Undergrad: 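Have a look at the structure that comes next, please.
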Amino acid sequence: EPCRLPAPAMAPWPCSLCQRRAAGPDRALESRQRGNDHFRRKEYQEAIAAYSQAISLQPKEAAYWLNRSIAFRQLEDWDQALRDATQAVQLQPENDKAIYGRAVALQKLGKTADALDACKDGLKLDPDHKPLYQLRLTLEREEKAALEKSEKKELKVETKAVQEKTQQGGKAAAKKHDIDYSKWASLEDSDDDDGGRGEQAEVGETVGEELSREEQMVQDMLTQCREWAKETSSLMGSSKPLGKVKLPADFKKEVGTITPSQLAEFSCSNDRMLVSIYGYIFDVSARPDQYGYGPKSFHAGKDITWGVVIGKESADNCNRFYDIFKLDDDRMGRYLQIICQRVVSFETEFGDSVGRLQPFVNEQCLPPPPTDEIEECNQQ
């Protein structure tokens, strides 16, 4: 006789939607890692696509929105960068990197007042956040410069009106009511009176592996200096090349991360000559007149950062490694600008760096700079 007991209840098999939701976090992490890999290779469009997939799987994860915002920043798509950074802040209001990214995007879109407000809000949460503090100082200078520019424009309009009125009244226009307008001649239309951000764009900044605050400041300052360099070159033109120079077979070949002793192999006595500035290694073999037998021959095979900082580029000041972020904020900001301006000048003349110098890879392990030498420096 067949069994009449009820069959045991079986758990229903999860539907495809439930399966996708259950696998979402793992798949999102995989997409994020793909985005990280693309970002390191500077494949920003591919990185954006991977981060977008991570967002579709985990839309409430602020880090994914932040990373996509950072990738958009590398492409200088400031509208998209602002939207993603704003979403990251809404999901995680205390995320200082998201607040900083939003402030940078606002600055680039010309919304100085909003960017300043974002910086102030972030500094209320973390008063020691150096990138936000530095950006706030830059924005305040931009705001002041914009005000001076506006005042100068108004002055020109008023001056023109006075001159026209004088001419119409039959008075001598040259007299200009005895007003001395030369005192405003020193006012400049430029709004970049000081240093400010990044990266080459922020290479390597990824979810879970974001740049440190110090690295972020360096990359932002480099970006700002590159923009100034473009404006300067458009006004002054580029320098003439040396002429035909016999270049080594391995010219501009990547060297990776090397030690100071390995860098020393590329001195002025070698066909291939390398110079390091703040750990960025450049191939200067195309300028033997400077680095081979010229006045900067002692630079080849060395790091020149400290000599650049204190304004004394001598052989004794080569290969002296310090962490400038252990200075006070004022000195740190000024000397970071000096360093980044020199890095960009090397980029302009010699192209991308071909490697990194090991001491600067872990800059935080370096000792603080000797302040007695810095106090004697006259660079401002």
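No experiment lies behind these values; they were computed from the predicted model shown.
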Undergrad: Suppose we screen for salt bridge (Lys or Arg N to Asp or Glu O under 4.0 Å). Which residues come up paired with Arg320, at least two apart in sequence or across chains?
TA: Glu373
Undergrad: Report yes or no: is the cationic atom of Arg356 (NZ for Lys, CZ for Arg) closer than 6.0 Å to the six-membered ring centre of Tyr280, at no more than 45° off its axis?
TA: yes
Undergrad: For Asp330, check side chain to side chain contact (heavy atoms under 4.5 Å, CB included) against everything at least two apart and list the hits.
TA: Asp328, Arg334
Undergrad: Residues two or more places apart in sequence or in another chain: which of them pass side-chain hydrogen bond (donor to acceptor under 3.5 Å, both in side chains) with Glu227?
TA: Lys108
Undergrad: Gln358 and Gln262: side-chain donor and acceptor closer than 3.5 Å?
TA: no
Undergrad: Would you please say whether a donor-acceptor pair under 3.5 Å links the side chains of Tyr64 and Asp84?
TA: no
Undergrad: What residues form a ring pair (Phe, Tyr, Trp, His ring centres under 6.0 Å) with Phe360, not counting sequence neighbours?
TA: Tyr278, Phe321
Undergrad: Mind jotting down which residue pairs meet the salt bridge (charged side-chain N to carboxylate O under 4.0 Å, His left out) criterion with at least one end in residues 266-275? Sequence neighbours excluded, please.
TA: Asp250-Arg272, Arg272-Asp283
Undergrad: Return the set of residues passing side chain to side chain contact (heavy atoms under 4.5 Å, CB included) with Glu94 (not counting sequence neighbours), or none when no residue passes.
TA: Leu125
Undergrad: Going by side chain to side chain contact (heavy atoms under 4.5 Å, CB included), name the residues that satisfy it together with Gln53, two or more places apart in sequence or in a different chain.
TA: Arg27, Ser31, Arg34, Ser56, Leu57
Undergrad: With a 4.5 Å limit on heavy-atom distance, are the side chains of Tyr44 and His38 in contact?
TA: no
Undergrad: How would you list, by chain and number, every residue that makes a side chain to side chain contact (heavy atoms under 4.5 Å, CB included) with Val275, sequence neighbours excluded?
TA: Val284, Tyr291, His299, Ile304, Phe346
Undergrad: Any donor-acceptor pair under 3.5 Å linking the side-chain atoms of Asn95 with those of Gln92?
TA: yes
Undergrad: Any salt bridge (charged side-chain N to carboxylate O under 4.0 Å, His left out) involving residues 56-65? Give me the pairs, sequence neighbours left out, ordered by first then second residue.
TA: none
Undergrad: For Phe72, check ring pair (Phe, Tyr, Trp, His ring centres under 6.0 Å) against everything at least two apart and list the hits.
TA: none
Undergrad: Once salt bridge (charged side-chain N to carboxylate O under 4.0 Å, His left out) is applied, what residue pairs with a partner in residues 116-129 remain, sequence neighbours excluded?
TA: Asp126-Arg213
Undergrad: Under 3.5 Å, side chain of Asp114 to main-chain N/O of Leu106, donor-acceptor pair present?
TA: no
Undergrad: Got a sec: does the NZ of Lys326 have more than 12 other heavy atoms crowding it under 6.0 Å?
TA: yes
Undergrad: Are Glu46 and Arg41 ion-paired here, with the side-chain N under 4.0 Å from a carboxylate O?
TA: no
Undergrad: Just to verify, what does Ser269 make a side-chain hydrogen bond (donor to acceptor under 3.5 Å, both in side chains) with, not counting sequence neighbours?
TA: Ser267
Undergrad: Decide side-chain hydrogen bond (donor to acceptor under 3.5 Å, both in side chains) for Asp37 and Gln33; before the verdict, give the C-alpha distance in whole Å, the side-chain angles of both, and the deciding distance to 0.1 Å.
TA: CA-CA 6 Å; Asp37 295 339; Gln33 187 57 50; 3.1 Å; yes
